[in-house]
Amino acid sequence: MPQRAYWKGHIRLSLVTFPVRLYPAVTASEKIRLHKYDKDTGQRIRYQNVNEDGDVVDPDDIVRGYEYEKGAYIPIEDKEIDKLRLESKHTIDLVQFVDLSSIDSIYFDNPYYVSPDNKLAKEAYITVRDALKKSKKVAIGQVIIANRERIVALKACGKGLILETLRYNYEVRKAEEYFEEIKPNEKPNDDQLDLALELIKRKAGKFDPSKFKDVYQEGLKEIIDAKSEKRPSRVKGGKAPSGKVINIMEALRKSVEQSKGGKASAKQSEKKTAKKSSAKKKPAVKKKRVA
């Protein structure tokens, strides 16, 4: 049985409307959380709302507002915020359909499972689900979740639907300033690129999240278990990567060699790159004219 719904409302596609429930698709409940406490008394450290003078402020006296100059605010009441978009607080209005590949992954935020709210809603629900599957499109809309209006993407997911909140354009930093040192027409060495492609080919496969372990969480659990059982911890310290400059070509060759396929494959790759480079060096042979 799923937990309590995070949000209840409706999905609307033109004149078709049906009730749905949203459930968080990810959980942090399995993660080990560390708390701050007083080492002398063992009491947890709690945080209070204090003003700039350090005085504790009663929750009833705390209001929100916009600071237009230092220490001067325009107060904003919750009822005023509620009036902004009452409709999108309860309805996901699907207004556009796009290819999933057209949405850069940096815009995706939090995923939610979408369930039909009752048996009558199921017919419209599975119709929208199958229409999205067959068209290979993602539906885009807007809705208020946790007091914030969000862009959302609705897509088919197995037997049901999944909704992902998207970041607004102003929330994403522009990439150009972080890549300004890279010249627009800068290209890698051909032989290095061939080896990198060979390495990718050998390590290619289907993504399986169950094959990846959260080493930090497992290590933290082992430290806690060891301390509670009064025994030495079996956690091994990892080595920090070397900071020295490496020969890219040599590192790629060794990487290909270590990947599945072994040395023979690495040698074949070397021969391939050697043939390419020798072909480049060979001068073009001019054909003799026949009189």
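Computed from a prediction, not measured in an experiment: that's the story for all the values here. All residue numbers in this chain count up from 1 along the given sequence.
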With a cut-off of 3.5 Å and sequence neighbours excluded, list every side-chain donor-acceptor pair involving residues 175-188.
residue: Glu186; atom: OE1; partner: Lys183; partner atom: N; Å: 3.0

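Clustering ILVMFWY residues whenever any of their side-chain heavy atoms sit less than 4.5 angstrom apart, transitively, puts Val16 in the very cluster that holds Ile126. Val172 and Val98 fall within the same hydrophobic cluster, defined by Ile, Leu, Val, Met, Phe, Trp and Tyr side-chain heavy atoms under 4.5 Å apart, directly or through other members. No continuous path of ILVMFWY side-chain contacts below 4.5 Å connects Ile106 to Val152, so the two sit in separate hydrophobic clusters. In the hydrophobic clustering of ILVMFWY residues, with side-chain heavy atoms under 4.5 Å counting as a link, Leu94 and Leu166 come out apart.
To the nearest 0.5 Å, atom OH of residue Tyr68 and atom CD1 of residue Ile74 are 6.5 Å apart. Here Lys203 contributes atom NZ and Ser255 contributes atom OG; the two are 7.5 Å apart, rounded to the nearest 0.5 Å. Atom CD1 of Ile145 sits about 6.5 Å away from atom CD1 of Ile92, to the nearest 0.5 Å. Expressed to the nearest 0.5 Å, how far CD of Gln192 lies from CG of Asn189 amounts to 4.5 Å. Note that CD1 of Ile32 is 4.5 Å distant from CD1 of Ile224, once rounded to the nearest 0.5 Å. Atoms NZ and CG, from Lys254 and Leu199 in turn, are 14.5 Å apart once rounded to the nearest 0.5 Å.
Residues passing the side chain to side chain donor-acceptor pair (under 3.5 Å) test with Asp60: none are found, sequence neighbours excluded.
Applying the side chain to side chain donor-acceptor pair (under 3.5 Å) definition to pairs two or more places apart or across chains, those involving residues 217-235 are Lys221-Asp225, Glu222-Arg231, Glu229-Arg231. Residue pairs satisfying the ring-ring contact (aromatic ring centres under 6.0 Å, His included) criterion with at least one member in residues 148-171, sequence neighbours excluded, are listed as follows: Tyr168-Tyr170. Pairs passing the ring-ring contact (aromatic ring centres under 6.0 Å, His included) check and including a residue from residues 30-50, sequence neighbours excluded, do not occur. Applying the salt bridge (Lys or Arg N to Asp or Glu O under 4.0 Å) definition to pairs two or more places apart or across chains, those involving residues 99-126 are Arg21-Asp117, Asp99-Lys137, Asp109-Arg150, Asp109-Arg167. The list of salt bridge (Lys or Arg N to Asp or Glu O under 4.0 Å) pairs with a residue in residues 31-43, not counting sequence neighbours, reads Lys31-Asp214. Pairs passing the salt bridge (Lys or Arg N to Asp or Glu O under 4.0 Å) check and including a residue from residues 124-136, sequence neighbours excluded, do not occur. Applying the ring-ring contact (aromatic ring centres under 6.0 Å, His included) rule to pairs touching residues 101-140 yields Tyr6-Tyr112, sequence neighbours excluded.
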| Are His10 and Val20 close enough, and set up right, to give a side-chain contact (heavy atoms from CB on, under 4.5 Å), and what steps lead you there? | CA-CA 5 Å; His10 291 78; Val20 295; 6.0 Å; no

| task | Starting from the C-alpha separation in whole Å, work towards a yes-or-no answer on side-chain contact (heavy atoms from CB on, under 4.5 Å) for Leu154 and Ile11. | result | CA-CA 10 Å; Leu154 184 74; Ile11 285 178; 3.9 Å; yes

| What do the steps show when you test Leu161 against Leu132 for side-chain contact (heavy atoms from CB on, under 4.5 Å), and what is the final call? | CA-CA 9 Å; Leu161 293 166; Leu132 290 173; 3.9 Å; yes

| request: Evaluate the criterion side-chain hydrogen bond (donor to acceptor under 3.5 Å, both in side chains) for residue pair Thr91 and Asp93; output intermediate values, then yes/no. | output: CA-CA 6 Å; Thr91 305; Asp93 204 358; over 6 Å; no

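Note on Glu257 versus Arg253: no salt bridge recorded, every NZ/NE/NH1/NH2 to OD/OE distance being 4.0 Å or above. With salt bridges taken as basic N to acidic carboxylate O contacts below 4.0 Å, none links Arg64 and Glu77.
A 6.0 Å sphere centred on CG of Asn49 holds no more than 12 heavy atoms belonging to other residues, nucleotides or ligands.
Counting heavy atoms from C-beta outward, Asn169 and Lys174 have side chains that approach closer than 4.5 Å. Between Met249 and Asp191 there is a side-chain heavy-atom pair separated by less than 4.5 Å. Proximity of Asp55 to Val50: side-chain heavy atoms (C-beta onward) are nowhere separated by under 4.5 Å. Proximity of Glu69 to Glu67: side-chain heavy atoms (C-beta onward) are nowhere separated by under 4.5 Å. The shortest side-chain heavy-atom distance between Arg148 and Ile144 does not fall under the 4.5 Å cut-off. At a threshold of 4.5 Å between non-hydrogen side-chain atoms, the residues Ser135 and Phe97 do not count as touching. In this structure, the side chains of Thr165 and Ile151 stay at 4.5 Å or more apart for every pair of heavy atoms. In this structure the side chain of Val143 reaches within 4.5 angstrom of the side chain of Trp7, judged on heavy atoms.
Contact detail for Val26 and Pro111: the closest heavy-atom pair is CG1-CG, 3.9 Å. Nearest heavy-atom pair, Lys155 versus Val138, reported as atom, atom and distance to 0.1 Å: CB-CG2, 4.1 Å. When all heavy atoms of Ala25 and Ile162 are compared, the closest pair comes out as CB-CD1, 4.4 Å. Summarising the geometry of Ile140 relative to Ala153, their closest heavy-atom pair is CD1-CB, 4.0 Å, with the distance given to 0.1 Å. Listed here is the closest heavy atom pair of Val256 and Leu195: CG2-O, 3.6 Å. Scanning both residues, Asp61 and Val57, for their nearest heavy atoms gives CB-CG1, 4.0 Å.
Residue Phe212 shares its hydrophobic cluster (ILVMFWY side chains chained together at separations under 4.5 Å) with Phe207. Counting side-chain heavy-atom gaps under 4.5 Å among Ile, Leu, Val, Met, Phe, Trp and Tyr, the cluster of Ile223 also holds Val235. Members clustered with Leu197: Leu193, by chain and number, using a 4.5 Å side-chain heavy-atom cutoff among hydrophobic residues.
Panel note: side chain Thr41, backbone Gln43; a donor-acceptor pair is recorded below 3.5 Å.
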